[in-house]
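Keep in mind it's a predicted model, so treat the numbers as computed, not measured. Computed over heavy atoms, backbone and side chain alike; hydrogens, waters and symmetry mates excluded.
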Amino acid sequence: EEKWRYDEGLAQQSLRKVRGIVENIDNIRVMNDQGIEALVDGLKWGTSYHGAGWCPRHIEGTDHFLFYTLEKLTGKKFLHGQPVGLGVIVGSMLHEDGAEEMLDTISSIGLDIRPEAMGLTWDQLMEGLKLLRSYVNEVGLWHSIAHDVSISDGFIADLRSRLNQAHIHARTHTLAHTRTHTHTHTRTRTHIHTHPHTHPPPPTHTSTPKHPRPHSHIPPHPTPHPHT
């Protein structure tokens, strides 16, 4: 392509950003400082086409092309991460490279990319996947594997199976984590209830003050009247 030439340096930098996300998935799940920094670093790279001669090839491919196809087909508005995440899996499966790792990464942070989670039916997604090749060629998007491969019914069946399995696994993991957290919390509350903290009683003063109370109007000893 004359307009958007392949740049190996940009491609390798994009891969490093991907690894930065994958390797921080536990931090991202709990949203600690390290996880937030990894996300921000990746999102900053998402606008790097400004400094690359406006070349978008290293930040958008089949992942976003599926997103655009579904928007065109349905007229719906989506939460960006769901259709793009689905597109990542579709693209990885078409390349036969990294689909399992990408799906595990996406599902482990609780992102549901099944069509029903986006308000789509499987029939709509199937139509979008079948339309993908003609759409990207028609509008002239920069070249990707989506330009050359027709998606089969067998591919879609495999995709559906993978997404459903990942969703079940993610729900099982979430429920197990919730039960563990609840059990730990209950044990902590029980321990506090059965082993209350005790405090020593306040000190008892038994000594007599050396001086009378300053606000007392009764003298310590009776004073005789001067005329008696």
Side-chain angles (χ1 to χ4, degrees), residues 1-8 10-12 14-15 17-19 21-22 25 42 46 55-173:
E1 286 182 326
E2 284 297 320
K3 187 175 184 181
W4 306 124
R5 292 179 177 272
Y6 177 78
D7 188 312
E8 179 65 21
L10 290 175
Q12 291 301 318
S14 288
L15 288 176
K17 297 301 182 182
V18 171
R19 298 317 307 173
I21 296 296
V22 173
I25 198 64
C55 175
R57 290 196 61 171
H58 58 291
I59 59 172
E60 287 193 9
T62 305
D63 49 346
H64 280 75
F65 297 167
L66 177 60
F67 179 14
Y68 304 150
T69 304
L70 292 173
E71 281 189 322
K72 176 67 175 179
L73 174 66
T74 66
K76 292 177 63 68
K77 298 298 182 183
F78 298 94
L79 293 176
H80 181 269
Q82 287 180 305
V84 171
L86 177 58
V88 167
I89 305 308
V90 170
S92 299
M93 289 175 62
L94 290 174
H95 280 282
E96 299 181 355
D97 185 15
E100 289 186 11
E101 182 183 38
M102 290 299 99
L103 185 53
D104 181 64
T105 299
I106 290 171
S107 62
S108 66
I109 61 172
L111 179 60
D112 190 350
I113 57 174
R114 297 173 304 147
E116 51 263 50
M118 302 180 230
L120 296 177
T121 66
W122 270 99
D123 286 341
Q124 287 176 308
L125 177 58
M126 182 181 295
E127 186 179 357
L129 289 168
K130 295 289 187 69
L131 180 66
L132 178 61
R133 182 180 182 182
S134 61
Y135 180 73
V136 295
N137 281 286
E138 177 188 340
V139 299
L141 293 169
W142 44 100
H143 189 266
S144 72
I145 196 171
H147 288 71
D148 302 326
V149 177
S150 294
I151 294 179
S152 67
D153 291 341
F155 180 95
I156 296 171
D158 185 20
L159 173 65
R160 185 170 189 168
S161 175
R162 292 184 188 220
L163 294 182
N164 286 335
Q165 288 177 8
H167 178 67
I168 292 170
H169 177 75
R171 285 196 61 182
T172 303
H173 177 80

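- Side chains of Ile89 and Met93 form a contact here, defined as non-hydrogen atoms less than 4.5 Å apart.
- Shown here is Leu79, whose CG atom has no more than 12 heavy atoms of other residues, nucleotides or ligands within 6.0 Å.
- Taking the side chain as every heavy atom from C-beta outward, Val90 and Phe155 approach each other to under 4.5 Å.
- Side-chain contact between Trp142 and His147: absent, with no pair of heavy atoms (C-beta onward) separated by less than 4.5 Å.
- Leu70 has its side chain out of reach of Gln124: every pair of non-hydrogen atoms, C-beta onward, lies at least 4.5 Å apart.
- Heavy-atom minimum distance, Ser134 versus Leu131: OG-O, 3.0 Å.
- In this structure, the side chain of Ser14 engages the main chain of His58 through a donor-acceptor pair within 3.5 Å.
- Note that OG1 of Thr121 and CD of Glu127 are 9.0 Å apart. Values are rounded to the nearest 0.5 Å.
- Each of Leu66, Leu141, Asp148 was compared with Val136 under the side-chain contact (heavy atoms from CB on, under 4.5 Å) criterion, and only Leu141 meets it.
- Surrounding CD of Glu100 are at most 12 heavy atoms belonging to other residues, nucleotides or ligands under 6.0 Å away.
- Between atom CG of residue Leu103 and atom NE2 of residue His169 there is a gap of 10.0 Å, rounded to the nearest 0.5 Å.
- Looking at every heavy atom in both residues, Ala117 comes nearest to Gln82 through O-NE2, 3.5 Å.
- The line from CG of Leu120 to CZ of Phe78 is 4.5 Å long, rounded to the nearest 0.5 Å.
- Residues Asp112 and Met118 are not in side-chain contact: their nearest non-hydrogen atoms beyond the backbone lie 4.5 Å or more apart.
- Between Leu129 and Ile151, the closest heavy-atom pair is O-CD1, 3.6 Å.
- Residues satisfying the ring-ring contact (aromatic ring centres under 6.0 Å, His included) test with Phe67, not counting sequence neighbours, are His80.
- With sequence neighbours excluded, the residues that form a side chain to side chain donor-acceptor pair (under 3.5 Å) with Glu8 are Tyr6, Gln12.
- For the atom pair CD1 of Ile168 and OG of Ser107, the computed distance is 11.5 Å after rounding to the nearest 0.5 Å.
- A distance of 8.5 Å separates CD1 in Ile109 from CD1 in Ile21, rounded to the nearest 0.5 Å.
- Side-chain contact between Ile145 and His95 is present, with heavy atoms from C-beta onward closer than 4.5 Å.
- Salt-bridge annotation for Lys130 and Asp153: present, with a side-chain N of the basic residue lying under 4.0 Å from a carboxylate O of the acidic one.
- Between atom CZ of residue Arg114 and atom CG of residue Leu163 there is a gap of 8.5 Å, rounded to the nearest 0.5 Å.
- The main-chain N or O of Phe65 is never found under 3.5 Å from a side-chain atom of Glu60 such that the two would form a donor-acceptor pair.
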| said: For Leu86 and Leu125: C-alpha separation, side-chain torsions, deciding distance, then whether side chain to side chain contact (heavy atoms under 4.5 Å, CB included) applies. | reply: CA-CA 10 Å; Leu86 177 58; Leu125 177 58; 3.8 Å; yes
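- Taking 4.5 Å as the limit, every side-chain heavy atom of Tyr135 sits out of range of all side-chain heavy atoms of Leu73.
- For Arg5 against Cys55, the heavy-atom pair with the smallest separation is O-SG, 4.4 Å.
- Taking both residues in full, the closest heavy atoms of Gly91 and Thr62 are given as CA-CG2, 4.0 Å, listed atom of the first, atom of the second, then distance.
- Contact check for Arg133 versus Asn137: side-chain heavy atoms found under the 4.5 Å cut-off.
- Counting only distance, with no hydrogens or angles, the side chain of Ser161 and the backbone of Ala157 share no donor-acceptor pair below 3.5 Å.
- Contact detail for Thr69 and Gly128: the closest heavy-atom pair is CG2-O, 3.5 Å.
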